[in-house]
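Everything on this sheet refers to the single structure shown next.
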There are 2 protein chains.
Amino acid sequence: MMNPQWLRSFVVLAERGSFTRTADQLGLTQAAVSQHIHHLEAQLGPLLIRRPRQVELTPAGQALLGYCDDMEQAEKRLNLRLSGADDRQGEISLITPGSIGLSLYPLLLDLQASYPGLSVRHRFAPDQDVLEGVRNNHFELGLVTLKPDDPRLVACHFADEPLDLVVPATATVNSWEDLESLGFIDHPDGHAMASRLLSRVFPGNRGIRSIACKGFVNQVGLILEPVARGFGFSVIPRYAREAYAPGEAIRVVEMGPRVVDALWLIYRAEWPLSARARFVASELASRLTGETLVLV
Amino acid sequence: MMNPQWLRSFVVLAERGSFTRTADQLGLTQAAVSQHIHHLEAQLGPLLIRRPRQVELTPAGQALLGYCDDMEQAEKRLNLRLSGADDRQGEISLITPGSIGLSLYPLLLDLQASYPGLSVRHRFAPDQDVLEGVRNNHFELGLVTLKPDDPRLVACHFADEPLDLVVPATATVNSWEDLESLGFIDHPDGHAMASRLLSRVFPGNRGIRSIACKGFVNQVGLILEPVARGFGFSVIPRYAREAYAPGEAIRVVEMGPRVVDALWLIYRAEWPLSARARFVASELASRLTGETLVLV
DNA sequence: GATTCATCATAAGAAAACCTTATCAATATA
DNA sequence: TATATTGATAAGGTTTTCTTATGATGAATC
């Protein structure tokens, strides 16, 4: 087992050619340097020829010098990885619900165009899978709509996600009965969102389950097409609507109190968030909401 | 400065997931392993999360594991280089006089064809340059015609190089005067070789300098052409002649005592000759002379 | 809920490793 | 020949690493 101090002595000795000068440079005594080389030669055979003017490396000495260089390079790579000094390079792993994920998608593409060293692994999943993915260390960053109470996770307020009731442009909606006549266009988060918004707009209503389901699409970006064609209404996040609105054939119903979903950015609490993840999370928040993200 | 024993404990711990099992495997106590990890974390920050069933690596822990793998690979490369286990791979550096160099050239090409991992750096030079080249560690192997008396060099008898007096096929040579009538075709080692052979065949002759020089070629392989054309005679090593004899237009004069130059293989005495150099030197000797090379 | 077991952290002391000081041998220089 | 320089080596002081013993915590079992 080669002691790092021995190797350091060897490298400086190879460079300066004298035990005495090596000892001076390292702040040790000549005897210590002599012992270091003795230990190395005991393990590896003759490493240098002692000459009156300067030591000369044997081929084995040259091989060891090459090894020391390999070690130095490996250590530099390690330090770079640990320091996160370069926060615009490396992999970003992110897992989000589909609604906000769609809104972030073009922003992530813009970031990648600006910083080619970044590589983004982004997955759409419901809240539960987001929690698991971050907890199991498969993704460094996650977004959820409910703040988790888990000591292993940090949760920072990322953005507010207002919900919109969208109906066909030609529809008139003033009562619960109007919605029943239209019918509901569902999506994976459809029921949850509709329940939250409609219980505020129409208190005491019969529930979203009493409205006929006129369609289901598992991609939030495609849900506005059936609405525009008059097949029914839906409830989706405003960011999703703004990102993919087809144009004039839909309308947003502004009735009753505002309903806003808070979005929480989560990551593992037991170790520091990487510098690149910090950078990207901040950029996304500020490009989405214009506000500054406050990380723990 | 990271102690190699700390890193070893870390690698085994990452693999087995438990301090106690790691200690068992390494033949240490659990307390020692705990201290090793403590030292590493003091320098690098949290490397693992202690769980009741198994430790979990942080990203920093994973980075360190990558570094340990780099170290292991570097060490393997070093050991391979030091052991010379693979003696059919790597560079062969050889410096020889032109005459024997030409004989060896096709043999070296054959070896390279058989062992593509070998790379041959071969230079032709007079004896004095051969000695310098080996002594200065620019070439690992050298061939000389005079055994050196230098404690830094090992000299092994490599081969005997008989000298041939070659004349045009139509020439009649029985006396010194016949040689004077022909004239001498010279080459870089021409005078030395001619002196040695002719002082034996014609004792008391007037010396090679009394014979008109009819030509000079600094490549031994080309010297037989002017001889074949009848321009003069020359003295060259038999191996060179055999390697490049053009055919019927020259003749070897067999007169008087045999003159044989001994060839010495030299290399540096202060460290072991590399395994590949041993292998190649043995192959060359046996392919050239049919005899087994005896290395010190 | 109480008890037992397994596991890791930590304190203290023993053992090992590393360093310094002092001396000697070899070589080069004046 | 005398002196200076340099590296090796012995002996002892200092630091690091290891072991032994103990305590804290969490999980499993009764």
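Distance CG/Leu141(B) to CZ/Arg278(B): 10.5 Å, rounded to 0.5 Å. Note that CG of Leu295(B) is 5.0 Å distant from OG of Ser282(B), once rounded to the nearest 0.5 Å.
Taking 4.0 angstrom as the limit, Thr20(A) places a side-chain polar atom (N or O) nearer than this to OP1 or OP2 of dG7(D). Phosphate proximity of dA9(C) to Ser34(B): present, with a side-chain N or O under 4.0 Å from OP1 or OP2. For Asn3(B) and dT17(D), the shortest distance from a side-chain N or O to OP1 or OP2 is below 4.0 Å. Of the side-chain N and O atoms in His36(A), one or more sit less than 4.0 angstrom from OP1 or OP2 of dC19(C). Remark: Arg50(A) is in phosphate contact with dA8(D), judged by side-chain N or O atoms under 4.0 Å from OP1 or OP2.
Between the CD atom of Gln30(B) and the P atom of dT22(D) there is a distance of 15 Å, rounded to whole Å. For the pair Ile37(B) CD1 and dT10(C) P, the interatomic distance rounds to 13 Å; values are reported in whole Å. Between the P atom of dA9(C) and the CG atom of Leu13(B) lies a distance of 9 Å, rounded to the nearest Å. As a whole-Å value, the separation of Arg51(A) CZ from dT5(D) C1' is 18 Å. Atoms CG (Leu28(A)) and C1' (dT21(C)) sit 14 Å apart, rounded to a whole Å. Atom CZ of Arg21(A) is separated from atom C1' of dT5(D) by 11 Å (rounded to the nearest Å). Distance, His39(A) NE2 to dT9(D) P: 12 Å, rounded to whole Å. Residue Leu48(B) contributes atom CG, which lies 16 Å from atom P of dT7(C) at whole-angstrom precision.
Comparing dA11(C), dA10(D), dG7(D) by their nearest atom to the side chain of Ser18(A) picks out dG7(D). Closest approach to the Trp6(B) side chain among dT17(D), dT7(C), dA21(D) is made by dT17(D) (side chain taken as heavy atoms from C-beta onward). Distances from the side chain of Thr29(A) to the nucleotides dC8(C), dT9(D), dT20(C) place dT20(C) closest. Residue Gln5(B) places its side chain closer to dC18(D) than to any other of dT10(C), dC8(C), dC18(D). The nucleotide whose nearest atom lies closest to any side-chain atom of Gln35(A) is, among dA9(C), dA10(D), dT7(C), dA10(D).
Salt bridge Glu270(B)/Arg51(A): present, at least one basic N to carboxylate O contact under 4.0 Å.
Within 6.0 Å of NE2 on His38(B) lie no more than 12 heavy atoms contributed by other residues, nucleotides or ligands.
Along DNA chain D, the nucleotide nearest to Ala32(B) and the one nearest to Val55(A) differ in position, and the one closer to the 5' end is contacted by Val55(A).
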Begin from the C-alpha positions of Phe279(A) and Tyr115(A) and carry the test ring pair (Phe, Tyr, Trp, His ring centres under 6.0 Å) through to its verdict.
-> CA-CA 11 Å; Phe279(A) 167 67; Tyr115(A) 306 103; 5.2 Å; yes
